[in-house]
Every structure is written in structure tokens, then in C-alpha cells.
Trainee: 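I'd like to ask you about the structure that follows.
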Amino acid sequence: MGDYSVSCDGVAIDDDGVMYSIAVYSDGEGFNSYVYKASDVADRQTPNVQTELLDVQVWLTSIWRSQTGLLYVTDADGSVRIYDGVGWTPSPASPQALTCIWGLSDSDVYAAGDEGVVYRWNGAAWSSFSPPLGDVIFCVRGVSSRNLYACGANGLLWHFDGIWTQIQLPTNQRLLGLLTLAANDALVCGAGGVLFRGADANWNDVSQPGHDFHSLADYRREIYLAGGGEGVFHFDGAAVANIKSTITSYRLVSNANYLASAGDVIAARFDGQGWFGARYS
């Protein structure tokens, strides 16, 4: 493509440390999006193996890996591609761009985006799960299909417990990330260091001014935030502390073994002792 820029826009990780990353290459006139599989990036005995799983000329926006190993990838055309280890199956979900995807199982997956509608995959088809919620949605999380949150632009926050109820927080900042730790314990973060913790209609303001937060993850019962160009932060319930300042972090995901980050040209994962990453250039 000649001169181009690269954006690592999403990451998923398995229990063995294998990372699945979205990388978008753009030269200002056109772009290609890729999904890569990187073997355990900490294995110093053999070279890391980078496998291209997908190459498309549509902007891929987010990725989620289910417990069974299926990959779900959203795009700017409103479709979701599902990878079963052999091939990709695309399915339209929304008439507008999707920004996020996440699920509880392969028959309970949620996607949302510019339309402001949450869509649900039941294992066979997509259907609208919410009415229009009023603005762009950036994240959906929950502990069950009857206890979900959706957050988005201009302070948008909704809760679903059988019906959708809007939560009015004292902010108009973009709310970009959610973390649900229990039925009565959730966090939402966003631009300007906005950070609230609570549940239902009761939320405490634990914001950290001077930062921008893009994503949240729970790793080994500790809370972490993606801080954009500042890297990755740990949150102790009162204040944040930077634990990795040498990477850009916009997306965080975790499992029992690893915390993984995506941002700029790097996808990286943390095993509790050290960081190892894959660079896209």
C-alpha cells in the first residue's frame, strides 16, 4: 500500500497465551483489515508464529472470543463475522457501523454501535434486543442475560433487567468501557478520567481527572483500565496507578491466565510478571 498507518483495534486471548488481533492498515485512500493469530508471544525458544486468519477491505472494529474458541468480529458495515477455526461466516446485524461485541455464550452474544441499538445473537440469527437508546453505543457487558449494561456517547448508560432503564450519571463525556464484577457491582469509564462504580440506579463517582479511560478488565480479581497513550492502569478502588506506560492501550480483555491490551501498533499480554507483545507495521 506504499506509505500507510497501522491501527491495532482489538484483541482476544486464549488460555495458552495465543492472541487474536485486529490490525487495520490505511494509506489515506484505502485500507485493509486483518485478523491475526499470534502464537504464545512469550515463547523465547522458537520464533513466534503469526498467522493471517482474515483479510478484508472493510474496517473491522472489535473482536470477542467465546469459551468454545469461536471468534466474533464486528465491522463498520454492521456485520459480524464468526470464525470456527476453519472458515468465516458473515452475518448482517445492524444497518450501521458496529463498535463492540461481547457475549455470555455462543448462543447469547451482544453487538451494538452507531445505531444505538443492542443486537443479540442466539446461535443462529441476529435480532434487535433493545429499542434505540439514543446515541452511539461503545460497550455492552453484564453478568447474565437479565442483568446487562450498555454505555456510549454523551454520558449514555442503560441497564437491562427485563426492561431497559436509562441511568442518569452527572457527566456528558463519552462512556467507553464497562466491567461487571457481580450483580450489584459494575464500573463504567470514559473520557476525561470519568469512572463510576455501582449498580442499577446507585452509582459512586470515583473519577480520576487528567486521564482518558477506554476499557476495563478484571484480571485475578484486580481492576485494570486502558489509558490510551498513557498505557495501562491498575485501580485499587480509590486511585489509579500506571503499571505499563510504554504501550498504547485502547482495549483490554482478560482470562484466568492473562490480561491483554490492544492499541496503536501493538497487541500485548501480561501474565502477572511480564509483558510480551506482537507489533504490526
Trainee: About how many Å separate CG of Asp27 and OG of Ser5, when rounded to the nearest 0.5 Å?
Mentor: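 Reported value, rounded in 0.5 Å steps: 8.5 Å.
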Trainee: Between Asp200 and Asn202, is there a donor-acceptor pair closer than 3.5 Å when you use the side chain of the first and the backbone of the second?
Mentor: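 Pair absent, no side-chain N/O of Asp200 close to backbone of Asn202.
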Trainee: If we only count heavy atoms from C-beta on, is the Arg141 to Leu179 side-chain gap below 4.5 Å?
Mentor: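 Side chain of Arg141 against side chain of Leu179, heavy atoms only: no contact under 4.5 Å found.
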Trainee: Between Val194 and Leu169, is there a side-chain heavy-atom distance shorter than 4.5 Å?
Mentor: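 Of all side-chain heavy-atom pairs linking Val194 with Leu169, none is under 4.5 Å.
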Trainee: Tell me whether Asp9 contacts the main-chain N or O of Ile22 through its side chain, where contact means a donor paired with an acceptor under 3.5 Å.
Mentor: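 Not confirmed, Asp9 side chain does not pair with Ile22 backbone.
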Trainee: With a 4.5 Å cut-off on side-chain heavy-atom distances among I, L, V, M, F, W and Y, is there a chain of contacts connecting Leu176 to Leu187?
Mentor: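 The answer is no; the residues belong to distinct hydrophobic clusters.
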Trainee: Given 3.5 Å as the limit, does a donor-acceptor pair link the side chain of Arg251 with the main chain of Ala260, or not?
Mentor: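 Here the side-chain-to-backbone pair does not exist.
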Trainee: Would you mind reporting whether Gln208 and Phe233 have side-chain heavy atoms less than 4.5 Å apart?
Mentor: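 Of all side-chain heavy-atom pairs linking Gln208 with Phe233, none is under 4.5 Å.
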Trainee: Hey, what do you get for CG (Leu104) to CD (Gln67), rounding to the nearest 0.5 Å?
Mentor: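 Here the interatomic distance stands at 9.5 Å.
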Trainee: Would you kindly confirm whether Leu181 and Leu216 end up in one hydrophobic cluster when ILVMFWY residues are joined by side chain heavy atoms under 4.5 Å apart?
Mentor: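 Yes, because Leu181 and Leu216 connect within a single hydrophobic cluster, where side-chain heavy atoms sit under 4.5 Å apart.
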Trainee: As an exercise, state the distance from OG of Ser39 to CE of Met19, rounded to the nearest 0.5 Å.
Mentor: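 The OG atom of Ser39 sits 9.0 Å away from the CE atom of Met19.
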Trainee: Count the heavy atoms belonging to other residues, nucleotides or ligands that lie under 6.0 Å from CD of Glu29, then report whether that count exceeds 12.
Mentor: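 For Glu29, atom CD is not crowded (no more than 12 foreign heavy atoms under 6.0 Å).
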Trainee: First locate atom CG of Asp106, then atom OG1 of Thr68, and finally report the distance between them rounded to the nearest 0.5 Å.
Mentor: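 So the gap between those two atoms works out to 3.5 Å.
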Trainee: For the pair Val109 and Val80, evaluate side chain to side chain contact (heavy atoms under 4.5 Å, CB included) and give the outcome as yes or no after the intermediate values.
Mentor: CA-CA 11 Å; Val109 184; Val80 179; over 6 Å; no
Trainee: Identify whether Leu70 and Val73 are in the same connected component of the hydrophobic contact network (ILVMFWY, side-chain heavy atoms under 4.5 Å).
Mentor: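 Not linked; separate clusters.
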Trainee: Side chains of Tyr110 and Asp108: is there a donor and an acceptor less than 3.5 Å apart?
Mentor: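 Side chains of Tyr110 and Asp108: pair found under 3.5 Å.
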Trainee: Check for a donor-acceptor pair, side chain of Tyr34 on one end and backbone N or O of Val56 on the other, with a separation under 3.5 Å.
Mentor: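 Not a single qualifying donor-acceptor pair exists.
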Trainee: For the CZ atom of Arg174 and the CG atom of Asp135, what is their distance to the nearest 0.5 Å?
Mentor: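 Answer rounded to 0.5 Å: 11.0 Å.
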Trainee: Evaluate the side chain to side chain contact (heavy atoms under 4.5 Å, CB included) criterion for residues Val265 and Ser281: first the C-alpha distance (whole Å), next the side-chain angles of each, then the deciding distance (0.1 Å), finally the verdict.
Mentor: CA-CA 7 Å; Val265 298; Ser281 58; 5.8 Å; no
Trainee: Of all the heavy-atom pairs spanning Ser33 and Trp59, show the shortest one and how long it is.
Mentor: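 Heavy-atom minimum between the residues: OG-CA, 3.5 Å.
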Trainee: Spell out, yes or no, whether Leu98 and Ile82 are grouped together once hydrophobic residues are joined by side-chain heavy atoms under 4.5 Å, including indirect joins.
Mentor: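 Yes, because Leu98 and Ile82 connect within a single hydrophobic cluster, where side-chain heavy atoms sit under 4.5 Å apart.
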Trainee: Quick check: does any side chain N or O of Asp271 sit under 3.5 Å from a backbone N or O of Tyr258, one acting as donor and the other as acceptor?
Mentor: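 Answer holds: no.
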Trainee: Can you find a pair of side-chain heavy atoms, one from Leu225 and one from His211, that are under 4.5 Å apart?
Mentor: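 Contact flag for Leu225/His211 side chains = no.
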Trainee: Where is the tightest heavy-atom contact between Ala150 and Ile137, given as atom of each residue plus distance?
Mentor: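 Smallest interatomic distance, heavy atoms only, reads CB-CG2, 4.2 Å.
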Trainee: Checking side-chain polar atoms at under 3.5 Å, does Thr74 have a donor or acceptor matched by the opposite partner on Thr61?
Mentor: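 Short answer, yes.
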Trainee: To the nearest 0.5 Å, what is the distance between CG (Leu195) and CD1 (Ile223)?
Mentor: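 Between Leu195 CG and Ile223 CD1, I get 8.0 Å after rounding to 0.5 Å.
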Trainee: More than 12 non-hydrogen atoms from neighbouring residues, nucleotides or ligands closer than 6.0 Å to CZ on Arg279, yes or no?
Mentor: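 Atom CZ in Arg279 is not crowded, with 12 or fewer foreign heavy atoms closer than 6.0 Å.
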Trainee: Is any side-chain heavy atom of Ser62 less than 4.5 Å from a side-chain heavy atom of Trp102?
Mentor: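 Ser62 does not reach Trp102 side chain to side chain.
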Trainee: Is a side-chain donor or acceptor of Asp236 paired with a backbone partner of Ala238 at a separation under 3.5 angstrom?
Mentor: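 Yes: the side chain of Asp236 pairs with the backbone of Ala238.
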Trainee: Identify the two heavy atoms, one from Leu252 and one from Ser261, that lie closest to each other, and give their separation to 0.1 Å.
Mentor: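 Shortest heavy-atom separation between Leu252 and Ser261 comes out as CD2-CB, 3.7 Å.
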Trainee: Could you tell me if the side chain of Tyr224 sits less than 4.5 Å from the side chain of Ile243, heavy atoms only?
Mentor: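 Contact flag for Ile243/Tyr224 side chains = yes.
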Trainee: Which class fits the ring pair Trp64 and Tyr72: parallel under 30°, tilted 30 to 60°, perpendicular over 60°?
Mentor: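 Aromatic pair Trp64/Tyr72 classed tilted.
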Trainee: Determine whether the aromatic ring centres of Tyr20 and Tyr83 lie less than 6.0 Å apart.
Mentor: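 Centroid separation for Tyr20 and Tyr83: 6.0 Å or greater.
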Trainee: Using every non-hydrogen atom in the two residues, find where Glu230 and Asn242 come nearest and quote the distance to one decimal.
Mentor: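 The pair with the smallest heavy-atom distance is O-ND2, 2.7 Å.
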Trainee: Is a side-chain N or O of Ser107 found less than 3.5 angstrom from the main chain of Gly123, in a donor-acceptor match?
Mentor: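 Such a contact is absent between Ser107 side chain and Gly123 backbone.
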Trainee: Quick check against the 3.5 Å criterion: does Asp15 have a side-chain atom that pairs as donor or acceptor with the backbone of Asn257?
Mentor: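 Flag not set: sc Asp15 to bb Asn257 has no pair under 3.5 Å.
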Trainee: Taking the side chain as every heavy atom from C-beta outward, state whether Leu259 and Trp275 have any atom pair closer than 4.5 Å.
Mentor: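 In short, these two side chains touch, coming nearer than 4.5 Å.
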Trainee: Compare every heavy atom of Val253 with every heavy atom of Ala12, then report the nearest pair and how far apart it is.
Mentor: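 Closest approach of Ala12 to Val253: CA-CG2, 4.2 Å.
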Trainee: Step by step, would you call Val11 with Ile13 a side chain to side chain contact (heavy atoms under 4.5 Å, CB included)?
Mentor: CA-CA 7 Å; Val11 66; Ile13 194 162; 5.6 Å; no
Trainee: Kindly say whether Ser79 contributes a backbone atom to a donor-acceptor pair with the side chain of Asp77 at under 3.5 angstrom?
Mentor: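 Between the backbone of Ser79 and the side chain of Asp77 there is no qualifying donor-acceptor contact (under 3.5 Å).
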Trainee: Classify the ring geometry of Phe160 against Trp164: parallel below 30°, tilted from 30° to 60°, perpendicular beyond 60°.
Mentor: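 Rings of Phe160 and Trp164: tilted, as their planes differ by 30° to 60°.
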Trainee: Does Tyr119 reach the side chain of Phe129, with side-chain heavy atoms less than 4.5 Å apart?
Mentor: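 With C-beta onward as the side chain, the pair stays apart.
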Trainee: Indicate, with yes or no, if Val140 and Leu156 share a hydrophobic cluster defined by side-chain heavy-atom contacts under 4.5 Å among Ile, Leu, Val, Met, Phe, Trp and Tyr.
Mentor: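 Linked, Leu156 and Val140 end up in one cluster.
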Trainee: Report the C-alpha separation of Tyr4 and Ser26 in whole Å, then their side-chain angles, then the decisive distance to 0.1 Å, and conclude whether the side chain to side chain contact (heavy atoms under 4.5 Å, CB included) test is met.
Mentor: CA-CA 5 Å; Tyr4 57 85; Ser26 173; 5.9 Å; no
Trainee: For residues Leu175 and Phe138, report the shortest heavy-atom separation together with the two atoms involved.
Mentor: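 Heavy atoms only, the tightest pair is O-CD1, 3.6 Å.
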Trainee: Can any side-chain N or O of Trp158 pair as donor or acceptor with the backbone N or O of Leu133 at less than 3.5 Å?
Mentor: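 Side chain of Trp158 to backbone of Leu133, a donor-acceptor pair under 3.5 Å: yes, one is there.
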Trainee: Is the closest side-chain donor-acceptor distance between Asp55 and Asn32 under 3.5 Å?
Mentor: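 A pair is found: one side chain offers a donor N or O, the other an acceptor, under 3.5 Å apart.
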